[in-house]
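In this text the structure is predicted, and so the values were computed from the model without any measurement. Convention: sequence-line order gives letters A, B, ...; per-chain numbering from 1. All heavy atoms count here, side chains included; hydrogens, waters and symmetry mates do not.
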Number of protein chains: 2
Amino acid sequence: MRQYPKAWLQGASFGESIACQLRLQIIDGTIKAGEVISENKVAADFGMSRSPVRDALKTLSNEGLIRLERMGAIVLGMSLGDVEELYDVRYLIESFAQQRIAGEDNAKLLALLRQTIDKMELAVKHQDAETFSYLDFSFHEAIVKEAKHRRVQHLWNSIRQIVLTVMLITTEEVFSEGEARILSVIDKHRTILRALETRDVGVIGQVVREYFADSRVTLHISFQ
Amino acid sequence: MRQYPKAWLQGASFGESIACQLRLQIIDGTIKAGEVISENKVAADFGMSRSPVRDALKTLSNEGLIRLERMGAIVLGMSLGDVEELYDVRYLIESFAQQRIAGEDNAKLLALLRQTIDKMELAVKHQDAETFSYLDFSFHEAIVKEAKHRRVQHLWNSIRQIVLTVMLITTEEVFSEGEARILSVIDKHRTILRALETRDVGVIGQVVREYFADSRVTLHISFQ
DNA sequence: CTGTGTATACTTGTATACAAGTTTGCTATC
DNA sequence: GATAGCAAACTTGTATACAAGTATACACAG
C-alpha cells in the first residue's frame with residue numbers, strides 16, 4: 001500500500017489530502033478502473049465526514065480520474081494508454097511554453113534549472129526517489145511558469161498533480177533499475193537546458209520533440 | 001443585467017446554476033477583476049446555503065476565473081488579453097484534434113457539421129443569437145470529440161463553459177452589427193468544413209491557423 | 001418459473017451548526 | 001496623536017441532518 005509523501009501535503013486541507021491519496025491509489029491501480037466509489041464509503045475509509053471527501057471527488061473529477069454520476073463516482077483509472085495521452089498533452093503545453101520563451105533572456109530560469117539538475121544528482125546519491133521525482137516535476141513546471149501565459153498555466157495546473165503522481169511512481173521504478181537509467185534521465189534534462197541556452201526556436205523545438213518521443217519509449221518499459 | 005440562458009441549465013443543480021450565473025457576470029464584467037467574494041455573500045445574493053455556492057466557487061476556481069484564498073475568493077476576471085489567451089488554448093486543442101482526424105473517414109462528423117451550419121442560418125433568420133452561439137460552440141466541440149483523445153477532451157472540458165459563455169456574449173455583439181458580420185462567421189465555418197472534406201493535413205492545418213488568426217482580429221472589434 | 005410491484009437501503013444535493021483562524025477596528029495607554 | 005493590544009465580526013474547513021431520487025432485493029401474483 002503506497003503512501004502519498006507527507007512532505008507534499010504541508011498545509012493541505014483534509015479534502016486535498018484525500019484527493020492526493022485517492023489519486024495515487026487510482027493511478028497506481030490500487031483502485032481499479034470501473035470501480036464505483038461513494039462519498040460515504042470513502043468518508044468511512046478515511047474516517048472523515050462527507051464534506052472533505054466531496055471536495056476531493058470534485059477535484060479528481062476535474063482531473064478526469066473519476067466521473068461523477070447520480071449514484072456514486074465511477075473510477076476511470078489511468079491505463080498505459082492514458083499516460084501516453086498525458087504525455088501528448090504535456091507535449092502540447094511544454095512545447096508551447098518553450099517556443100514562447102525561446103528568444104527571451106532567461107538567465108534566472110536557466111540558473112534555476114541548473115540548480116535543479118544539481119539537486120537531482122544529489123537525490124540520486126542519497127537514493128531519494130521521492131525528492132528526485134519532485135525535482136523532475138519542478139524542472140518542467142518552472143519552464144511552463146516562465147512562459148507567463150495564464151491560460152496555458154491553468155491547463156498545466158489541471159494536470160500538474162497527475163503529472164507529479166505519475167512521476168513519483170515511474171521514478172521509484174527507474175531508481176530500482178539501476179544508476180544508468182537514472183543518469184540518462186538527468187542527461188535528458190541537461191539536453192533541454194542546453195537547447196534553451198541556444199535561444200534557437202528550431203533547436204528547442206527539436207529537442208522537446210525528442211524528449212517526449214524518448215519519454216514515450218521509456219514509459220513502456222517502466223509503467224505498470 | 002444579463003441572464004444565463006435557462007435552456008442551458010436543464011437538469012443542472014443549484015451549484016451548477018450558480019456557477020453559470022457567476023461565470024457570465026465575471027466574463028461580462030458585471031463582477032470586476034480584483035473583487036473579493038465570499039461564500040456567505042454569494043449565498044445570500046442567490047438565496048441559498050453555502051453548500052451549492054461552495055461547489056460553484058470550486059468550479060470557477062478550476063476554470064481559472066477566481067482564485068480561492070483563506071479569506072474570500074479573488075475574482076481574476078476576463079480581460080481582452082485573457083480572451084486572446086483563451087483563443088491560444090483553443091488553437092492548441094482544436095488544431096491537435098483536427099490534425100488527428102484529418103486522414104480518417106469522418107462522414108458522420110461532416111454530416112453533423114453541415115447540419116449545424118444549416119441550423120446556424122436558421123438562427124440568423126430568426127435573429128436568435130442565443131441558439132446561434134450554442135451552434136457555433138457545438139460545431140467546434142463536435143470536432144474535438146471526434147478526435148477521441150480522452151486527455152485532450154478533458155482539456156476542452158476545462159474551458160468549454162468559458163468558451164460557450166464568451167461565444168454567447170460575442171455573438172450578441174455580432175448580431176447587433178448587422179447581417180454581413182454574421183454571415184461571415186457562418187462562412188468561416190464552411191471553410192473549415194471544406195478543409196476537413198479534403199482530408200489533407202496541410203490544408204486543414206492552414207485553414208485552422210487562418211481561422212484563429214482571423215478570430216483574433218474580429219475579437220478586438222467585438223469584445224468589450 | 002417469470003414478471004411485477006413494493007419496501008428498503010443507499011446515493012447525492014442542500015441546509016445548518018460548529019470550530020479554528022484571520023482581519024478589522026476600537027480602546028486604552030503612552 | 002501614535003501605537004499596542006484586545007475584542008468582535010468575518011472567513012473557510014469540517015461535521016451532521018434532512019430530503020429527494022435511484023437501485024436493489026424480495027415477496028407475491030400469474
Side-chain angles (χ1 to χ4, degrees), chain A residues 4 6-23 25-26 31-77 157 161, chain B residues 4 6-23 25-26 31-77 157 161:
Chain A
Y4 191 84
K6 288 201 184 75
W8 298 358
L9 290 173
Q10 291 294 344
S13 65
F14 288 155
E16 291 169 289
S17 283
I18 295 173
C20 288
Q21 295 284 359
L22 284 180
R23 186 185 299 110
Q25 291 180 21
I26 290 173
I31 301 177
K32 295 200 169 46
E35 246 179 86
V36 175
I37 57 182
S38 78
E39 294 176 4
N40 277 317
K41 197 167 154 294
V42 176
D45 287 351
F46 283 86
M48 316 204 144
S49 78
R50 276 178 56 209
S51 303
V53 172
R54 198 175 166 74
D55 251 38
L57 293 192
K58 176 134 196 184
T59 298
L60 297 181
S61 163
N62 276 315
E63 292 176 355
L65 292 175
I66 66 176
R67 193 176 60 237
L68 266 31
E69 304 223 328
R70 314 279 162 82
M71 298 287 281
I74 296 175
V75 176
L76 300 178
N157 287 345
Q161 288 290 342
Chain B
Y4 191 83
K6 289 201 183 73
W8 298 358
L9 289 174
Q10 290 295 344
S13 65
F14 288 157
E16 292 169 289
S17 283
I18 294 173
C20 288
Q21 294 284 358
L22 283 180
R23 187 186 299 110
Q25 291 180 21
I26 291 173
I31 302 177
K32 294 200 170 46
E35 244 179 88
V36 175
I37 56 182
S38 78
E39 294 176 3
N40 277 317
K41 198 167 154 295
V42 176
D45 287 351
F46 283 85
M48 315 206 146
S49 79
R50 276 179 56 209
S51 303
V53 172
R54 198 175 167 73
D55 252 38
L57 293 193
K58 177 134 195 181
T59 298
L60 297 181
S61 164
N62 277 316
E63 292 176 355
L65 292 175
I66 64 177
R67 193 175 61 237
L68 265 32
E69 305 223 329
R70 315 275 164 81
M71 298 289 281
I74 296 176
V75 176
L76 300 178
N157 287 344
Q161 288 290 342

Closest heavy-atom pair and its distance - [X], [Y]:
X: B:Lys58; Y: B:Leu68; result: CA-CD2, 4.3 Å
X: B:Ala56; Y: B:Ala19; result: CB-N, 3.6 Å
X: A:Pro52; Y: A:Met48; result: CG-CB, 4.3 Å

In whole angstrom, what separates [X]'s [atom1] from [N]'s [atom2]?
X: B:Ile74; N: D:dT11; atom1: CD1; atom2: P; result: 14 Å
X: A:Glu16; N: D:dG13; atom1: CD; atom2: P; result: 8 Å
X: A:Leu68; N: C:dT12; atom1: CG; atom2: C1'; result: 9 Å
X: A:Glu39; N: C:dT14; atom1: CD; atom2: P; result: 12 Å
X: A:Glu69; N: D:dG21; atom1: CD; atom2: P; result: 19 Å
X: A:Met71; N: C:dT11; atom1: CE; atom2: C1'; result: 4 Å

Results of side-chain contact (heavy atoms from CB on, under 4.5 Å) for B:Ile37 - residues two or more places apart only:
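B:Ile37: side-chain contact (heavy atoms from CB on, under 4.5 Å) contacts with B:Val42, B:Leu57, B:Ala73, B:Val75.
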
Those residues of residues 50-67 of chain B lying under 4.0 Å from DNA chain C by at least one heavy atom
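B:Arg50, B:Ser51, B:Pro52 - these, ordered by number, are the residues of the stretch whose heavy atoms sit under 4.0 Å from the strand.
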
Under 4.0 Å from any atom of DNA chain C, heavy atoms only: list the residues of residues 7-14 of chain B that qualify, in numerical order.
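The stretch gives B:Ser13, B:Phe14 as the residues lying under 4.0 Å from the strand, ordered by number.
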
For the pair A:Asp55 and A:Phe14, evaluate side-chain contact (heavy atoms from CB on, under 4.5 Å) and give the outcome as yes or no after the intermediate values.
CA-CA 9 Å; A:Asp55 251 38; A:Phe14 288 155; over 6 Å; no

Would you check if the side chain of B:Glu16 reaches a backbone N or O of B:Ser13 as a donor-acceptor pair within less than 3.5 Å?
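Yes, the answer is positive, given that a donor and an acceptor are paired below the 3.5 Å cut-off.
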
Under a 4.5 Å cut-off applied to non-hydrogen side-chain atoms, are A:Ile26 and A:Glu35 in contact?
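Counting from C-beta outward, A:Ile26 and A:Glu35 never come under 4.5 Å.
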
Evaluate the side-chain contact (heavy atoms from CB on, under 4.5 Å) criterion for residues B:Val36 and B:Lys41: first the C-alpha distance (whole Å), next the side-chain angles of each, then the deciding distance (0.1 Å), finally the verdict.
CA-CA 10 Å; B:Val36 175; B:Lys41 198 167 154 295; over 6 Å; no

Within the structure, does a side-chain N or O atom of B:Asn40 lie under 4.0 Å from either OP1 or OP2 of D:dC10?
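No, no such contact exists.
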
Phosphate oxygens OP1/OP2 of D:dT11: is one of them under 4.0 Å from a side-chain N or O of B:Ser38?
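So the side-chain polar atoms of B:Ser38 do come within 4.0 Å of the phosphate oxygens OP1 or OP2 of D:dT11, strictly under.
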
Atom pair CZ (A:Arg67) and CD1 (A:Ile74), whose distance is rounded to the nearest 0.5 Å
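One finds 4.5 Å between CZ of A:Arg67 and CD1 of A:Ile74.
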
